[in-house]
There are 2 protein chains.
Amino acid sequence: MRKIVEIQKKLLPDLLQVMEKRYEILHRIHLEGTIGRRTLATSVDLTERVLRSELEVLRAQGLLDTAAAGMTLSESGRQLVEEMEPIVKELFGLSALEEAVRTAFGLKRVIIVAGDSDTSDHTKMELGRAGSRVLRDSLTAGDVVAVMGGSTMARMASQFATPSQMKDNWFVPARGGLGESVDYQANTIASELAKRTGARYRMLHVPDHLSEEAYQTIMQEPNVREVVDMIRSARIVVHGIGDAATMARRRKLKDETKEELVKDGALAEAFGYYFDRNGKVVHRMATAGLRLEDIEAAGIVIGIAGGSSKGDAIASVMRFGHDDVLVTDEAGATEALRHV
Amino acid sequence: MRKIVEIQKKLLPDLLQVMEKRYEILHRIHLEGTIGRRTLATSVDLTERVLRSELEVLRAQGLLDTAAAGMTLSESGRQLVEEMEPIVKELFGLSALEEAVRTAFGLKRVIIVAGDSDTSDHTKMELGRAGSRVLRDSLTAGDVVAVMGGSTMARMASQFATPSQMKDNWFVPARGGLGESVDYQANTIASELAKRTGARYRMLHVPDHLSEEAYQTIMQEPNVREVVDMIRSARIVVHGIGDAATMARRRKLKDETKEELVKDGALAEAFGYYFDRNGKVVHRMATAGLRLEDIEAAGIVIGIAGGSSKGDAIASVMRFGHDDVLVTDEAGATEALRHV
DNA sequence: GAATGTTGGACGAAAAACGTCCCGCTATGC
DNA sequence: GCATAGCGGGACGTTTTTCGTCCAACATTC
């Protein structure tokens, strides 16, 4: 059963949403016994006219009887709702989890894919796909998108698919070199995204470990300056989330910095900043690009991360409070909720 | 798996068709390796523009790569097609059967539901539902619909559902009393259909076994005349199909008539006429209503019958050659094909 | 019997789908 | 090396569908 639904998800991307909506309508009517169109509209959160079209479909399917007092489920409608009840949980169980995470962290939108990225490569891929879909749907013409690095972001980029060219969009790395391997660098990812969409991109090459003067000098370079300005004006920011210890190791931070991080309770990392349990910034990487205030000013900030092991890091960054959208997996979401 | 698809069929009636179409597109591309839009359009029988929208969806799902030489399946597209191959047969197997029956009898359209009405009540219901859907979709404003009797027709009527009122339609019995029990009479069915749709109906009460004079007299009655005229002008005719022996028994024909039927090789019955193996009319019931020439003149003639046992009767009536649409079940269709 | 809430019809505005044509590009065959 | 056929994709006017909004007719309830 699982398999056919997976296939359908690919072949008819918004099938499940329609299905869920219609089930919700039937379910509501089932609960109320008999209910009027307007009342129903507010309770399932549809405009009256849209609901009406839905009802026409359901009526045409013979699932719905309608009288002057309101609408009732027909026998086969009632039967359908009852048959669906167990299936619904499996099909749409994640929606409930999404809603829970959304309210817990006060986000605009949460997308959760099934599984655990820690143990399943398939889930990792799906996480990437889901992330790319979110980004695609968020894009409007002319947007500048700042992306971060990391393996999750790389997978997101490799899964990105667009129905049409996006010639007037820009992809830029959110921050300069952060010591990642080249495949996972923000620069690489920005360029891949651009390549896959027909959009344009800029790279930002800032050597690591610059002295303050050198940094200031390089920032005066017109072409560096230009990219940085573009980055800072990004309307959309997409970033992964790491746990602090792992990131520190991978980026080969100095031992004393690591100790400092531990002392400050650094738990999570995102766009070059380290966060403690409460979402407070306790450290920042020394490189150019997006500053905290730019993140606050960005239109849409999208965080992508999954896996049970990243649960607390996700929670920590979400507490930071400037993300709008979180894309994660079942395990990550469940774990994050335990750290609210 | 079966179950969830059944549910989806009810909740999203044209889901499977869309799914099939998209699969067909992917499959074709898979076969060709790389193919252009225009060539593809003719080969899957879509206009260029419509195909293009479909392709955009598929591309957005990352199933499709596109180059200057044409389109190719992406890795995950190829994977999807291969995964689907076994499933397709189960999901869309009936479409192939439909097409086979359609060409075998030169029909406009064939709808086949899964199962065997002889052994499954569920299939009987589905047959009724399918029939009602066909009728609904065939209806246009102002149409007069002539319906016959029988248990299948009764189920069709009881399953009829419409999204909106049909105030300017008429339902009439195709022919007068044919000695059926009241639930299965054409009159009853016409009235039920009218009731379920908000349409109007007329009944035709003609006693059985009238003498010729009495028949002529009653036909002069203005209100009888009026109904008969309306029947004869019906744009849509819907009828069941019975096997001759059973119908003769049920209608309590005289023994000599039965013998005559046997002698003439009567195999099937529909709208009061008996047909032999070749679809030739060998007998007609003496009652008022639709004549053969009216059937020939009707816009749409819909036959509904299922069950393995009715296979040859179905074949016989289809050979008669004036049906446009056949609604049957898997067993009936398979059996009918063996009698082509 | 009035008031309230119901469905369903109607209609114009907005959006989506569609048919059609064209352009620039590339692979291929000569 | 060049002509050419076939490719994807952009563009645009038209048609169809969807949607918001208002209203009429009707049943139910108080």
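Every value quoted in this text rests on a predicted model; they were computed, and no experiment measured them. Chain A is the first sequence line, chain B the second, and so forth, proteins listed ahead of strands; every chain is numbered from 1.
Mapping A:Gly70 and B:Ala68 onto DNA chain C by nearest heavy atom places A:Gly70 closer to the 5' end of the strand.
Residue-level contact check: B:Leu46 touches neither bases nor backbone, having no heavy atom under 4.0 Å from any strand. Within the 4.0 angstrom heavy-atom criterion, no nucleotide atom of any strand lies near B:Leu55.
A:Asp168 has its CG atom 11 Å from the P atom of D:dG10, to the nearest Å. Look at CG on A:Leu51: it is 15 Å from C1' on D:dT21, rounded to the nearest Å. Atom C1' of nucleotide D:dG9 and atom CG of B:Leu40 are separated by 16 Å, given to the nearest angstrom. Between the P atom of C:dG8 and the CD atom of A:Glu54 lies a distance of 16 Å, rounded to the nearest Å. With rounding to whole Å, B:Met71 atom CE is found 12 Å from D:dG6 atom C1'.
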Restricting to nitrogen or oxygen on both sides, can you table the protein-nucleotides 14-20 of chain C pairs closer than 3.5 Å?
{"from": "C:dG19", "atom 1": "OP2", "to": "B:Thr47", "atom 2": "OG1", "distance (Å)": "2.3"}
{"from": "C:dG19", "atom 1": "O6", "to": "B:Arg49", "atom 2": "NE", "distance (Å)": "3.4"}

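Checking side-chain atoms of A:Asp324 against main-chain N and O of A:Arg109 turns up no donor-acceptor pair under 3.5 Å. For B:Ser76 (side chain) and B:Gly62 (main-chain N/O), a donor-acceptor pair under 3.5 Å exists by modelled atom type.
At the phosphate of D:dG9, OP1 or OP2 sits under 4.0 Å from a side-chain N or O atom of B:Thr66. Close to D:dC7, at under 4.0 Å from its OP1 or OP2, lies a side-chain N or O of B:Thr39.
The salt bridge (Lys or Arg N to Asp or Glu O under 4.0 Å) analysis of residues 41-60 of chain A, with sequence neighbours excluded, yields the pairs A:Arg22-A:Glu54, A:Arg37-A:Glu48, A:Arg38-A:Glu48.
Atom CG of A:Asn223 and atom CE of A:Met203 lie 14.0 Å apart (nearest 0.5 Å). Atoms CD and CG, on B:Gln61 and A:Leu12 in that order, are 9.0 Å from each other to the nearest 0.5 Å.
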Determine, step by step, whether B:Leu64 and B:Leu73 satisfy the side-chain contact (heavy atoms from CB on, under 4.5 Å) criterion, reporting the C-alpha distance in whole Å, the side-chain angles of both residues, the deciding distance to 0.1 Å, and the verdict. CA-CA 5 Å; B:Leu64 210 54; B:Leu73 289 194; 3.8 Å; yes

Kindly determine whether B:Tyr23 and B:Ile87 satisfy side-chain contact (heavy atoms from CB on, under 4.5 Å), including the steps that lead there. CA-CA 11 Å; B:Tyr23 171 73; B:Ile87 295 179; over 6 Å; no

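When each of D:dG8, C:dT6, C:dT7 is scored by its nearest atom to the side-chain atoms of A:Arg37, the top-ranked nucleotide is C:dT7.
B:Arg38 contributes a side-chain N or O that forms a donor-acceptor pair with the base of D:dG8 under 3.5 Å.
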